[in-house]
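Counting convention: from 1, in listed order, for ligands and their atoms alike. All residue numbers refer to positions in the sequence shown, counting from 1. Computed from a prediction, not measured in an experiment: that's the story for all the values here.
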Amino acid sequence: MSKKEKTAKPREAPKSGKSEKPLEVVIVSSEAGPWVKTGGLADVAGALSRAMAQAGSKVRLFIPLYKSIDRKKFKIPARGVKFSVPVSARIMEGSARVIRPSGGLEVWFIEQEQYFGREGVYLDPAGHDYPDNLERFAFFSRAVLEILMTSGRPPEIIHCNDWQTGLIPAYLKTIYAGVPFFAKTGSLITIHNMGYQGRFHPSQWHLLGISWDHFNPGGLESYGQINLLKAGLVYADIITTVSPTYAKEILEPDGGFGLDGLLRYREDRVHGVLNGIDTAEWNPATDKLIPSRFNYKDMRGKAECKAALCQELKLAPGEGPLLAVVSRLADGKGMELLAGCLESILAKGGRFVMLGSGEKELERRFLKIASSSGGRASVTIGYDERFSHRIQAGADIFLVPSRYEPCGLTQMYALAYGTAPLVRATGGLNDTVRQYDQATGEGNGFKFEKYSESALLSKAMEAMEFYLTNREKWNRMAGLGMQEDNSWIHSAKMYHKLYRLAAALSGK
Ligand code: ADP
């Protein structure tokens, strides 16, 4: 793949939905929608699996069978294929339960009560990482390889995602290196966020089953710790990340979180492929989770969605735009900038709705601003998929002021729902949002460069002013944004090419 292909925009219409050559694809993820979701990784793993299967490949998606996954709703069988995995000196048993939700797609749920039969996915109820996360995901990673060897044909590619599955490329190049079954299997790892690397104390090394020889800076060691994302980055045949801009940012010290040197060393294997959105789920013309449906030709439904949302939240009446946030309240999301200037935005006539949860201090700050806003701001702490759809449909401006953002999905959902994104120019936000130019009518939203409160505030002022003074142009901009194609079809084609490349590189 040439460097040129890293520029994902503007995109050309694909000639057909079918790939040239169907592949045997395995996608492994610690979460995937609609079965289990804590963040964007789930949207991506679920939607990419469906898109690859739709394009003709045979896809097996592997995820852990967490306690929270609704067995009944998703028709997950009570029994499955039994397997066992060595974990240190023990043999741990589990079963793999399979469903076939659509043509060409199988979902394999890895059941293991001791590891996955608990409330949280990664965190305990107090919000702390489970202390045995290395053991849980080492088991999961190895289980995938053990199950593959006893069921069906060898895959051409195993597509891993983030640190939880970073051991798979390492296993393929170490303890499974001589296994004929995997002789032609390539591995690809996608980095969804460099900020989460899965770092563990070396005393847990014995749980991996890999020789100590690999605990060094050329292997799985990083700054004295075991680093599972690094395992993937060292051993995978191809490395991808979720936008072209982020693919450049992670090569620099600021974006590399300590692994930029390794990534520069492997730069010829690093590719940026923009995430898509699941257009079956995020489409205002068919969305059953919003009060009125609409499309770019007839926007009356959007006005109804806004009125319904304002009424539901008991917002004070006003002419100004409704600004919105749906986000984890976590480091990197830029929420401290917003908390610092939100009152000024409200004072200028904006109204505000937020749905989010995370850092307690931020939650408290936003709740306090809402309670003293005289009904101009509504803040809901929690996680609510259905509510997030009503917000996307009812808002005018969607704020994503991230310090860094590998891809970001919510700005693309906003575009699809005729809600202008206002973002900082970083990562995938930079690749998907183009600053609107009133003179030429070009652009789909608002973008600021500097990570500062004043830059965010002045961009919000510009957007509000435009909304209030030139509604005709505003509506045209929103309508054009709705017509942009951010579906998975293009990115699935790029992954298909990279899968073939990884398979060709395996063993080299
Ligand atoms: P990240 O993966 O860093 O959280 P993304 O923008 O890639 O960021 O994906 C976030 C996903 O999680 C989106 O689908 C967004 O709608 C959803 N989301 C985030 N917070 C909430 C929330 N509080 N309630 C419902 N959905 C949320």
Side-chain angles (χ1 to χ4, degrees), residues 29-48 121-123 127 161-164 190-196 241-243 245-246 249 255 257 272-284 287 289-290 309 324-335 338 353-360 362-363 366-367 378-395 398-417 419 421-424 426-433 445 486 488 491:
S29 178
S30 55
E31 51 183 284
W35 304 282
V36 53
K37 170 170 169 177
T38 73
L41 169 61
D43 299 64
V44 174
L48 174 64
V121 172
Y122 314 117
L123 309 176
N161 293 278
D162 280 349
W163 69 263
Q164 294 87 347
T190 299
I191 305 162
H192 296 264
N193 193 328
M194 284 301 291
Y196 301 90
T241 190
V242 290
S243 69
T245 296
Y246 197 57
E249 290 172 350
F257 287 84
V273 183
L274 203 57
N275 285 336
I277 61 170
D278 190 336
T279 46
E281 193 190 341
W282 292 96
N283 178 355
D287 191 339
L289 302 178
I290 60 177
L309 183 63
V325 166
V326 177
S327 180
R328 292 184 296 120
L329 304 182
D331 183 47
K333 292 289 180 187
M335 289 299 131
L338 181 61
V353 49
M354 167 181 265
L355 168 64
S357 62
E359 287 174 17
K360 299 292 161 222
L362 279 170
E363 292 181 1
F366 281 107
L367 284 169
S378 158
V379 170
T380 305
I381 301 302
Y383 190 93
D384 185 341
E385 187 83 34
R386 303 169 78 88
F387 187 25
S388 75
H389 282 244
R390 295 200 296 282
I391 293 176
Q392 289 283 9
F398 196 91
L399 301 168
V400 197
S402 305
R403 182 160 50 77
Y404 77 100
E405 190 66 65
C407 180
L409 294 168
T410 53
Q411 81 282 8
M412 292 193 268
Y413 300 153
L415 283 169
Y417 282 69
T419 304
L422 190 162
V423 306
R424 195 175 92 76
T426 182
L429 300 172
N430 191 45
D431 295 323
T432 52
V433 177
N486 284 312
W488 266 103
S491 305

Among V326, L338, V423, the one residue meeting side-chain contact (heavy atoms from CB on, under 4.5 Å) with L399: L338
Considering heavy atoms of the protein only, find what lies nearest to atom 21 (C) of ligand 1 and give residue, atom and distance to 0.1 Å. Y383 CE1, 3.4 Å
Do H389 and E281 come within less than 4.5 Å of each other through their side chains, counting heavy atoms only? yes
Evaluate the side-chain proximity of E359 to D331: yes if any heavy-atom separation is below 4.5 Å, no if none is. yes
Do ligand 1 and D43 have nitrogen or oxygen atoms that lie under 3.5 Å from each other? yes
Which of the ligand 1 atoms, numbered from 1, are nearer than 4.0 Å to a heavy atom of G356: 23 (N)
For atom 11 (C) of ligand 1, find the nearest protein heavy atom and state the residue, atom name and distance (0.1 Å precision). G40 N, 3.9 Å
What residue and atom, counting heavy atoms only, is the protein's closest point to atom 4 (O) of ligand 1, and at what distance? R328 NE, 2.7 Å
Could you verify whether a donor N or O on one side chain and an acceptor N or O on the other, from S388 and Y413, lie under 3.5 Å apart? no
Considering only heavy atoms, does D384 approach ligand 1 within less than 4.0 Å through its side chain, its backbone, both, or neither? backbone
One residue to check: C407. Relative to ligand 1, which of side chain, backbone, both or neither has a non-hydrogen atom less than 4.0 Å away? neither
Between F387 and ligand 1, which residue portion shows a heavy-atom distance shorter than 4.0 Å: side chain, backbone, both, or neither? neither
among protein heavy atoms, the one nearest atom 14 (O) of ligand 1 is K37 NZ, 2.9 Å
What about the rings of F257 and Y404, do their centers lie closer together than 6.0 Å? yes
Evaluation steps, salt bridge (Lys or Arg N to Asp or Glu O under 4.0 Å), between E405 and K333: CA-CA 7 Å; E405 190 66 65; K333 292 289 180 187; 3.0 Å; yes
So for K333 against ligand 1, with non-hydrogen atoms under 4.0 Å, the contacting part is side chain
How far does CZ of R390 sit from CG of D384, to the nearest 0.5 angstrom? 6.5 Å
Atom 15 (C) of ligand 1: which protein heavy atom is closest, and how many Å away? T410 CG2, 3.6 Å
Does some side-chain heavy atom of D287 sit less than 4.5 Å from a side-chain heavy atom of Q392? no
Looking at atom 5 (P) of ligand 1, what's its closest protein heavy atom, distance included? L409 N, 3.8 Å
Of N275, T241, N161, which is the lone residue that meets side chain to side chain donor-acceptor pair (under 3.5 Å) with H192? N161
Shortest protein contact, atom 23 (N) of ligand 1 (heavy atom only): G382 O, 2.8 Å
Considering non-hydrogen atoms of the protein only, which is the closest contact for atom 20 (N) of ligand 1, and what is the distance? S327 C, 3.5 Å
